[in-house]
Amino acid sequence: MLKKGCMGRLNKKVVEHKSYQVKDPIVRYNDITKKFGDTVVLNNLNLEVGRGEKLSIIGASGSGKTTIIRMLMTLEKPTSGTIWVDGDYLWHKEVGGKLVPADEKHMRNVRGKIGMVFQQFNLFPHMTILRNVTEAPIRVQGLSREEAEERAVTMLEKVGLAEKVDQYPSQLSGGQQQRVAIARALVMQPKVMLFDEVTSALDPELVGEVLEVIKDLAREGDMTMILITHEMDFARDISDRIVFLDEGRILEQGSPDKILENPDSPRIRQFLSRFIGNSSVSGLATTK
Amino acid sequence: MDWNNMCQTFNDKDNVWSWQYTCEIFPDLLDAMWVTISATFVAYFVALILGLFLTLGRRSPIRPVKWFFQGFLEFVRGTPPLVQLFFIYFGFPEIPYIGFEMSAFTAGVLGLGIHYSTYVSEIYRSGIEAVPKSQWEASKALNFSKGQTWLRIVLPQAIPPVIPMLGNYLITMFKETPLLAAITLMEMLNMAKFIGAKYFDYLEPFTIVGFLFLLLSYPSAILVSKLEKRMNRRFRQKNA
Ligand SMILES: Nc1ncnc2c1ncn2[C@@H]1O[C@H](COP(=O)(O)OP(=O)(O)O)[C@@H](O)[C@H]1O
Ligand SMILES: [Mg+2]
């Protein structure tokens, strides 16, 4: 978190990261700055994510990781800059070669390409598991109930919960709820999936089952995934690239081996030292 | 008439409290009770629907809409219901172009409904604010429209916990219906007054009316508190 006043000085101190070339980008953050009041949370962020890429964002609590993906989900509005998703600007519309603020219709169109899984699951408590998963395909995508249920059951099978269709979220363990949340997002067939510390709210013994589901997804290949995680082994396992975020800027990015084994920045080494010999440290470095 | 013949068997017309008189006037008061009950339910229905519009209007992102609803709410809550009833029944018909006459029943349920819609709106609001922000965010992430989010996600979670509170307002409104006597509606109180004036004996009719009010509102209150306990239990379980 940086205060507006000291921004200029800090800019010069931070070593500029090498810009990273992505072959076929599906998401682009262009000069994104995000402020909450006077607090600068993201400072002139530039980031591209490739089609099908598995990108992990790591960094200390409060460094702005969540804000990055919340802006992509349109839950937070950038203060300045543009976000581009698969051919369209997210918060803007091109009218006669100029960018103007997007209307809700445009935003809904673009938003449909993105899905998100939250730290706290956020299932709908008043709906059964099946309805949690079928409601959006029916109402938003206009699928018939039969089609939606067929798709939902396929997804629930994928996360290993097909037998829970008639239960309510409160009857499930945290790990099961989170797997339902993953199915609920997947059933919309998004091109980009966002995962915000999806195991941080779970008891340690339930973390594994959720990570396994995500690993399977990552292995399937085509979906673009952006993950925020404190599970370093998991990040190493599934990521094509890891971005280290520090006080609202990308300090360093590269392959998992580079960032996790041999980072240039002493700050990253210091950050990682907290995780050595303890791969599930969600309790140690919880973020907001 | 059978009923009156039956009443005569009491034969105690000269007593301070006459069972014969009580018996004779009872059918008329019972009729008036149905007027009271239907006025209560229709007014309550108006309050429930209008209250929802008030609640949504107050949350409108369009400033003037928001101000209009907020202003309407303050105005209605800041003036006595009796004044509102008089205005609707006696005043409103005199307004050129838009004014028209209404029956006492229509004016009464509108007035009472409008007045209580402001309280109902407060209850809706508390229910809506109790739905976590994360539910809105999950809805947005699934690309539900604003309307779908309200209808499918937010209201189904906001309303059940406040049903007991809404039930309490049904009872309150029931007990406020005597106000409608002031605009000539023949509900229970007005009927009792009418009977009392006719026979120069007010004790029995007013006592019966009070008794009928108690008879209806007390069990309802118990029902509501039972409902409250059940809702609490259900809600706690869901959020466990
Ligand atoms: N709605 C908000 N209002 C004010 N400050 C916020 C808000 N959301 C996040 N922040 C602040 O922005 C910073 C970055 O938050 P966040 O993106 O959640 O970081 P991370 O996910 O890396 O922990 C933090 O300092 C946090 O306090
Ligand atoms: Mg976070």
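Order of the sequence lines sets the chain letters (A, B, ...), proteins ahead of strands, with each chain counted from 1.
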query = Considering residues, nucleotides and ligands other than Phe36(A), do more than 12 of their heavy atoms fall under 6.0 Å from its CZ?
reply = yes
message = Taking CD in Glu74(B) as the centre, count heavy atoms belonging to other residues, nucleotides or ligands within less than 6.0 Å. Is the count above 12?
response = yes
request  = Side chain from CB out, backbone as N, CA, C, O: work out which of these in Glu135(A) comes under 4.5 Å of a heavy atom of chain B, or both, or neither.
outcome  = both
request  = Name, in order of residue number, those residues of residues 127-146 of chain B that have a heavy atom at a distance of less than 4.5 Å from a heavy atom in chain A; otherwise write 'none'.
outcome  = Lys133(B), Ser134(B), Gln135(B), Glu137(B), Ala138(B), Ser139(B), Lys140(B), Ala141(B), Leu142(B), Asn143(B), Phe144(B), Ser145(B)
query = For Glu94(B), does the CD atom sit with more than 12 other heavy atoms under 6.0 Å from it, leaving out its own atoms?
reply = no
remark   = For His126(A) and Arg152(B), the nearest pair of non-hydrogen atoms, with its separation, is NE2-O, 2.9 Å
Toward chain B, the part of Arg70(A) with a non-hydrogen atom under 4.5 Å = side chain
query = What do you reckon, is CZ of Phe211(B) surrounded by more than 12 foreign heavy atoms closer than 6.0 Å?
reply = no
message = Let's test your reading of the structure: which of Val117(A), Leu194(A), Thr74(A) forms the most heavy-atom pairs below 4.5 Å with chain B?
response = Thr74(A)
Glu150(A) CD: over 12 foreign heavy atoms closer than 6.0 Å = no
ask   = Going from CD on Gln157(B) to CE on Met127(A), what distance comes out if it is rounded to the nearest 0.5 angstrom?
value = 8.0 Å
inquiry  = Looking only at heavy atoms and a cut-off of under 4.5 Å, which of Met107(A), Arg139(A), Met116(A), Met188(A) has the most pairs with chain B?
reply    = Arg139(A)
task = Inspect the surroundings of NZ in Lys215(A) and state if more than 12 heavy atoms from other residues, nucleotides or ligands are less than 6.0 Å away.
result = yes
query = Phe124(A) versus chain B, heavy atoms under 4.5 Å apart: side chain, backbone, both or neither?
reply = both
